[in-house]
Amino acid sequence: MSVASLAGTGRFFRSELLLIFGRRRNWLGLAILAVVPVIIAVAAKVNAPGEDEGGFFGGITTNGLFVALAALSVELGFFLPLAISTIAGDAVAGEANQGTLRYLLTVPVHRTRLIAVKFAALVVFAATAVLTVVGTGMIAGLLLFGGGKMTLLSGTEIGFWGGLGRVAMVSGYAAVCLSALAAIGLFVSTLTEQPIGAGIAVLILYIVSQILDTIPQLSAIGPYLPTHYWFAFGDLLRDPVSFNSAGPGLLSAGIYTLIFTTAAWARFATKDVTS
Amino acid sequence: MSLAVSSEGLTKRFRSGQVAVNAVGLAVPAGSVYGFLGPNGSGKTTTIRMLLGLIEPTAGSSNLLGTTSFAALPDVGSLVEGPAFHLYLSGRDNLRRLDAADRHADPATAAARIDEALDRVGLLAAARKRYRAYSLGMRQRLALAGTLLRPRKLLILDEPTNGLDPQGTREVRSIISGLAAEGTTVMLSTHLLSEVEQICTHAGVMHLGKLVAQGSLPALRAGSETRVRVETSHPAEAGRCLEALGLKDVSSADGEARGLLGDLAPEDIVAGLVRAGVPVRGFAVERPGLEELFVHLTGEGFDVSG
């Protein structure tokens with residue numbers, strides 16, 4: 001690609017981001033994501049959880065950064081996948097539904113370029129959604145409980161900046177997992193002209209994957225499910241950092257991303273656009 | 001004569017088995033204003049979608065500006081099946097989005113080009129309004145503005161005056177005529193014959209997925225036959241006289257007689273009638289309009305094809 005064509009794609013990419021982040025509905029979604037960590041922080045302040053309490057909740061009163069981690073683990077269960085499903089389902093189906101797809105393609109925008117830009121924008125949205133949760137979690141946590149040293153899951157204490165680094169790693173891991181879901185959503189979005197239907201389908205896929213993962217008799221397929229390693233980010237909070245589950249988690253997300261972006265491209269490249 | 005749009009055996013069979021477009025061979029000369037006529041459902045839009053690469057033909061091929069559709073598209077402005085924009089963006093932001101998607105467009109001149117296009121369709125004053133608040137006429141104009149974001153060699157416009165009031169229709173036709181005068185080839189699909197008669201130099205007629213006629217307007221008109229009509233108090237006598245003069249398909253009715261003119265000169269017929277003592281109250285040579293031709297070709301006028 002020449003520099004000029006890359007610059008041209010950059011402009012289209014910015015326009016795509018404006019479309020996502022210029023929409024009131026999406027701001028509302030991000031606002032809802034931001035509310036959860038605040039609720040967690042306030043609730044912990046009002047009624048302090050015991051040190052023996054599970055997950056990250058136990059650590060909240062000792063270090064505000066744990067609010068961000070607690071909020072992330074809570075929201076990764078539903079709100080974040082909901083947000084990603086909605087936006088990803090909308091990516092192509094929304095344009096098809098409105099009829100704007102035919103006008104993009106006749107600009108012309110090459111179909112491969114369209115899929116690439118759509119996916120890149122979804123990745124940015126996934127990262128933004130995670131940062132919204134983690135960011136508000138950290139602000140609320142640090143305001144109410146302060147920072148200081150962080151006790152890792154393996155029991156080691158690290159300094160505030162080290163803790164911040166760990167939170168950044170966990171955020172990155174969550175964004176990678178959500179990007180894989182976005183890739184699935186992008187593919188589903190090329191199958192239909194109903195953006196809401198596509199969004200719901202992706203959310204259902206996510207929930208079904210979660211349910212199958214809890215059935216002991218199906219443990220053989222567990223590791224192949226797209227969500228199997230999503231909550232493995234605890235690995236990144238050990239000393240030294242463990243990749244026992246987080247490693248396969250990144251690999252799994254990478255493979256799902258590759259498969260479904262390719263499928264979306266293959267499907268869309270030859271699709272008759274009759275909307 | 002080079003062709004701006006050409007196709008050979010262009011065919012689309014949908015998965016349902018329905019053949020929407022059947023072996024269409026278009027020939028739109030460069031520099032022409034080509035009226036793509038046909039009743040609703042006759043396959044015009046499907047043909048246009050194939051020309052623009054939105055759908056893949058089942059068989060056959062097409063060319064725009066002598067090259068493949070994708071290579072030609074930067075020089076082609078198009079309007080397909082009505083306007084479509086993002087509801088919650090303003091008219092100007094919607095055009096910005098289209099321009100941003102165009103990797104060949106110069107970002108430095110984007111603002112000026114967008115405003116010029118908006119001005120040309122009379123939307124500059126409403127540029128900041130959300131598309132949601134636009135009337136159908138304004139939406140149609142915005143779609144037209146979208147085709148004018150840069151100079152085009154070819155415009156493919158599907159029903160461009162649909163939904164416009166008479167004033168808007170006149171303005172859009174004048175914009176199209178203006179572009180054509182600058183040398184842009186225009187292919188215009190419509191079911192309005194008056195539109196074709198007013199602004200087109202060429203036409204093609206679609207019926208049930210087939211291109212049943214194509215050519216310049218004079219050539220198309222020449223294909224149908226001219227009649228004479230005599231107004232008289234003695235229609236039977238006039239009819240006999242017309243037959244004697246060699247006219248075919250003569251009919252006489254209440255106060256008039258008609259016949260096919262054929263190769264005869266109208267002035268000779270009038271002289272013949274007067275010589276025979278037929279009282280002539282009026283005499284007319286009727287060249288059939290496109291409407292008669294259209295009805296003749298499609299056999300149904302403006303009904304929807306199944």
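So that the names make sense, note that chain A is the first sequence line, chain B the second, and so on, each numbered from 1.
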- Query: Among B:G53, B:G77, B:P74, who wins on heavy-atom pairs under 4.5 Å with chain A?
  - Reply: B:P74
- Query: Of all of B:T45, B:L149, B:L98, which one pairs up most often with chain A through heavy atoms under 4.5 Å apart?
  - Reply: B:L98
- Note on the structure: When every non-hydrogen atom of B:I55 is compared with those of A:D272, the smallest separation belongs to CA-OD1, 3.2 Å
- Note on the structure: Ranking B:S69, B:G82, B:A105, B:G146 by heavy-atom pairs under 4.5 Å to chain A gives rank one to B:G82
- Query: With the threshold set at 4.0 Å, does a side-chain nitrogen-carboxylate oxygen contact exist between A:R11 and B:D99?
  - Reply: yes
- Query: How close do B:R49 and A:V273 get, heavy atom to heavy atom, and via which atoms?
  - Reply: NH1-O, 2.7 Å
- Query: Is there a side-chain contact between A:T270 and B:E56, using heavy atoms and a 4.5 Å cut-off?
  - Reply: no
- Check ion pair B:R97-A:E95 (N to O, under 4.0 angstrom): yes
- For chain B, the option from A:L104, A:L101, A:V109, A:T106 that forms the most heavy-atom pairs under 4.5 Å: A:T106
- Item | A:R23 side chain reached by B:Y88 side chain, heavy atoms, under 4.5 Å | yes
- What class does the angle between the rings of A:H110 and B:F70 fall in, given that below 30° is parallel, 30 to 60° is tilted and above 60° is perpendicular? perpendicular
- Query: Crowded around A:R25 CZ? As in, over 12 foreign heavy atoms under 6.0 Å?
  - Reply: yes
- Heavy atoms, side chains only, cut-off 4.5 Å: are A:R113 and B:R103 in contact? yes
- Task: Heavy atoms only, distances under 4.5 angstrom: which of A:V117, A:L114, A:T100 has the most pairs with chain B? Name it, please.
- Result: A:T100
- For B:K153, look at atom NZ and say whether over 12 heavy atoms of other residues, nucleotides or ligands are found less than 6.0 Å away. no
- Note on the structure: All heavy atoms of B:L73 vs all of A:L105, minimum pair found to be CD1-O, 3.9 Å
- Message: Counting only non-hydrogen atoms closer than 4.5 Å, does B:L87 touch chain A with its backbone (N, CA, C, O), its side chain (CB onward), both, or neither?
- Response: both
- Is the shortest heavy-atom distance from the side chain of A:Y103 to the side chain of B:L79 under 4.5 Å? yes
- Measuring heavy-atom distances to chain B, does A:L18 have an atom under 4.5 Å in its side chain, in its backbone, in both, or in neither? neither
